[in-house]
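Scroll down for the structure; my scribbles are underneath it.
Below, chains carry the letters A, B, ... as their sequence lines are ordered, and counting in each starts from 1.
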There are 2 protein chains.
Amino acid sequence: MDKRITIYTIAEDLGLAPGTISKIINNKGNVSTETREAVLDYIKRIGYVPSSSARMLKSKRTYTIGVIFSEDMKIGLEQAFFSSILQNFKNYAENKGYELSFIVRKLGKNKMSYYEWCLNKRVDGVYIVVGDYQDKELLELVNSKIPCVSTDMIVDNLHTVISDNAQGIKLALEYIKNELKLKKVAMISGPTRSKAFKERIDYFNNNYKKYELEKTDLIIADGFGFTTGYNSAIELLDKNNNPEVIIASSDDIALGILKAIFDRGFNVPDDIQVIGFDDIAFAKHFTPPLTTIRQDRKKLGERAAKDLISHIENDIFHSKEIVTIPVELIERKTTKKK
Amino acid sequence: MDKRITIYTIAEDLGLAPGTISKIINNKGNVSTETREAVLDYIKRIGYVPSSSARMLKSKRTYTIGVIFSEDMKIGLEQAFFSSILQNFKNYAENKGYELSFIVRKLGKNKMSYYEWCLNKRVDGVYIVVGDYQDKELLELVNSKIPCVSTDMIVDNLHTVISDNAQGIKLALEYIKNELKLKKVAMISGPTRSKAFKERIDYFNNNYKKYELEKTDLIIADGFGFTTGYNSAIELLDKNNNPEVIIASSDDIALGILKAIFDRGFNVPDDIQVIGFDDIAFAKHFTPPLTTIRQDRKKLGERAAKDLISHIENDIFHSKEIVTIPVELIERKTTKKK
DNA sequence: TTGTAAGCGTTATCAA
DNA sequence: TTGATAACGCTTACAA
């Protein structure tokens, strides 16, 4: 019962050679449809699954995708937005027979670079969930032979799947002008080493005038989270430039802003309105529910997985491009149409 | 440069036999301290790392831990509480040289049971993050030769690391009696198929009288989340039994309750007080910040990892036990001392 | 079209 | 204490 099934036992059972079985499993070489079908049938019946270690050892393919969840950015599995993209990536990849393995900068006792780690683990490809585009080690990896894809970082030579951040801010600006009919707008953002944040800030800076808006403040903080939003908003409020609406570059930040506004005794949306970015699960549960730009986390994760796997499997040095996923404005209660 | 370092190249470089290198790496057999140190040194210098596939192939050990994140319970990586425990588990395990691999019920095209999957993947052990203790397949796995550990499910023959749920509710009850000086208490909980919920409900039912409390309502809902809490609280409020304080069996539920109370026009903590369970990151950010029973997610995850790994490595059929991690009451603004 | 056999990088058993 | 050698289960030339 605990006897392991191998291509040898199968070959024996069927009166064939192990090599033939292998070819069939991998869809290679010439085998008569007759034997092919017989073998496939048999395999399914007895529930045979190839030993991944043997396969890896021999073929140099590991069916493993390394995941970089940049540590210095202090983003862990707890970060709802990214872990949800990752979840979708994972689902897709698993369906294609790949496993994920988190890349850490050491292995056993040894400290090592991302690239070394990948070499040693022989991952087939790398998914960079978030990354610092100035990180030398990351760039070393990106520019190596190992296929990489990212859902945040934009650098030369890297295929990335990213939300249409410009469109997101455009939506917000249009909405502010046409629906909210407001003038004075501020923005609070996370750091520009995240490309997504940078794009949002850039679009804002370059276009608010087009919508006849006035920029009262722009705070670029050094964090991603609630506390960052809170502190930045306190700072902003104390400057008394009196923005009518604040655009936050993430929902976590937006939620912190909301709290700060309350703590300062103002009301949302009557005194100040707020627009977030992401649409995390909690956005709709907050009081008041957050108006925000929704990113399509499912598409983001799945497309990234799809593209990475196709890089890996058709190892033609694929066209690396920036693929852009549309976003959408979700109107809730932190804004008020006039 | 792309030449792979193996125990062969090392042996050659050092004028030794491959077998000797292997022994040293694995700390086995008799090797003179002299050669041992020389080899260890050399290995560190050139940054050699054993090929895991070769090792797996030969030794039957995969250094991989399967993770079950029960799907039918609709809990994904997005669930902050569980993913944070998992994160801590992961950190510990990785440090010990293990990798995590999520168990899915199929592999490639084939549907398969948890147990079959584990057999095929040859995982060294299994970590059940959350599980339904009535799930036949799960029980099959638990009762197999494969070492398992859980941080939620309690069944015969399963080692589990779990918060002291009884103590948590005890803390809440004491606090209600002695500090809040309240009488009428209600509870809203998730389903009893999660052992943690069951324990909390049981302790509450069996002990509220001891604290001279009056139970106005007990709602056992079928979900875990915000919406569950919201709907249950609306239901409860509409019954007009007027509890003075509501104990929620999770923070997500508590937050939903808070929202429902607001929506019905009541004030927290003046009209009704609320106590949660978990202390998720968001609990302190909510308005008002949630009083709750904090679970020690770090200890939970790390202890589970530690115990599993020791099961695996000292494959003595280890004492399976329930290990219990203390909890703590965090007082914030949804309660008010009298 | 099918079979044979040489690795892949380890571990483990014996022999030296 | 150290060295040689046979697996482990697969892939892939190459031979039949």
Side-chain angles (χ1 to χ4, degrees), chain A residues 2-40 42-43 46-64 97 107-108 119-122 124 313 315, chain B residues 2-40 42-43 46-64 97 107-108 119-122 124 313 315:
Chain A
D2 219 38
K3 193 83 209 96
R4 180 121 180 100
I5 301 169
T6 72
I7 51 173
Y8 278 86
T9 64
I10 296 177
E12 198 174 355
D13 291 357
L14 263 41
L16 290 166
T20 310
I21 312 296
S22 172
K23 272 193 260 175
I24 292 171
I25 290 166
N26 297 290
N27 241 309
K28 289 203 177 143
N30 301 320
V31 191
S32 70
T33 17
E34 209 177 334
T35 34
R36 155 163 284 116
E37 276 172 10
V39 171
L40 255 20
Y42 187 69
I43 284 177
I46 61 177
Y48 162 79
V49 179
S51 145
S52 53
S53 15
R55 176 178 268 181
M56 279 151 64
L57 181 57
K58 182 65 200 172
S59 67
K60 259 69 202 160
R61 296 262 286 103
T62 56
Y63 290 91
T64 298
L107 205 50
L119 241 34
N120 273 305
K121 281 285 190 171
R122 313 230 143 195
D124 292 345
E313 297 187 347
D315 64 358
Chain B
D2 219 41
K3 193 84 209 98
R4 180 125 181 100
I5 302 169
T6 72
I7 50 174
Y8 275 88
T9 64
I10 297 177
E12 200 175 352
D13 291 356
L14 264 39
L16 289 166
T20 309
I21 312 295
S22 171
K23 271 195 258 175
I24 293 172
I25 291 167
N26 297 290
N27 241 308
K28 289 203 178 144
N30 301 322
V31 190
S32 69
T33 16
E34 210 178 335
T35 33
R36 155 164 284 119
E37 276 172 11
V39 171
L40 253 21
Y42 188 69
I43 283 178
I46 60 175
Y48 161 79
V49 179
S51 146
S52 55
S53 11
R55 179 176 264 180
M56 279 153 63
L57 180 57
K58 182 63 203 177
S59 67
K60 258 67 205 169
R61 298 261 284 101
T62 57
Y63 290 90
T64 298
L107 204 51
L119 242 34
N120 273 305
K121 280 285 190 173
R122 313 232 143 193
D124 292 344
E313 297 187 348
D315 65 1

[N], OP1 or OP2 - any side-chain N/O from [X] closer than 4.0 Å?
X	N	result
B/Thr20	D/dT2	no
A/Asn30	C/dT2	no
B/Ser32	D/dT2	yes
A/Arg55	D/dT11	yes
B/Ser22	C/dT11	yes
A/Thr35	C/dT2	yes
B/Tyr8	D/dT5	no
B/Ser51	C/dG9	no

Taking [atom1] from [X] and [atom2] from [N], how many angstroms apart are they, rounded to a whole number?
X	N	atom1	atom2	value
A/Met56	C/dG9	CE	P	13 Å
A/Leu57	D/dA7	CG	P	17 Å
B/Asn27	C/dT11	CG	C1'	15 Å
B/Lys23	D/dT5	NZ	C1'	13 Å
A/Ile21	D/dT11	CD1	C1'	13 Å
A/Ile7	C/dT2	CD1	P	16 Å
B/Ile24	C/dA12	CD1	P	15 Å
B/Ile5	C/dG9	CD1	C1'	13 Å

Of all heavy-atom pairs between [X] and [Y], which one has the smallest distance, and what is that distance?
X	Y	answer
B/Val31	B/Lys23	CG2-CB, 4.2 Å
A/Pro18	A/Ala11	N-CB, 3.5 Å
B/Arg55	B/Ile25	NH2-CG2, 3.5 Å

Are side-chain heavy atoms of [X] and [Y] found at a separation under 4.5 Å?
X	Y	answer
A/Leu14	A/Thr35	no
A/Arg36	A/Asn27	yes
B/Ile21	B/Tyr8	no

Output the single nucleotide from [options] whose closest atom is nearest the side chain of [X].
X	options	value
B/Lys28	C/dA12, D/dC10, D/dG3	C/dA12
A/Leu16	C/dG3, D/dC10, D/dG3	C/dG3
A/Tyr48	C/dT11, D/dA4, D/dC10	D/dC10

TODO: Would you classify A/Pro50 as touching base, sugar-phosphate or nothing, given that sugar-phosphate means primed atoms plus P, OP1 and OP2, and contacts are heavy atoms under 4.0 Å?
DONE: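 The residue A/Pro50 makes sugar-phosphate contact but no base contact.
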- [ ] Indicate, yes or no, whether a donor-acceptor pair under 3.5 Å links the base of D/dG9 to the side chain of A/Lys58.
- [x] no
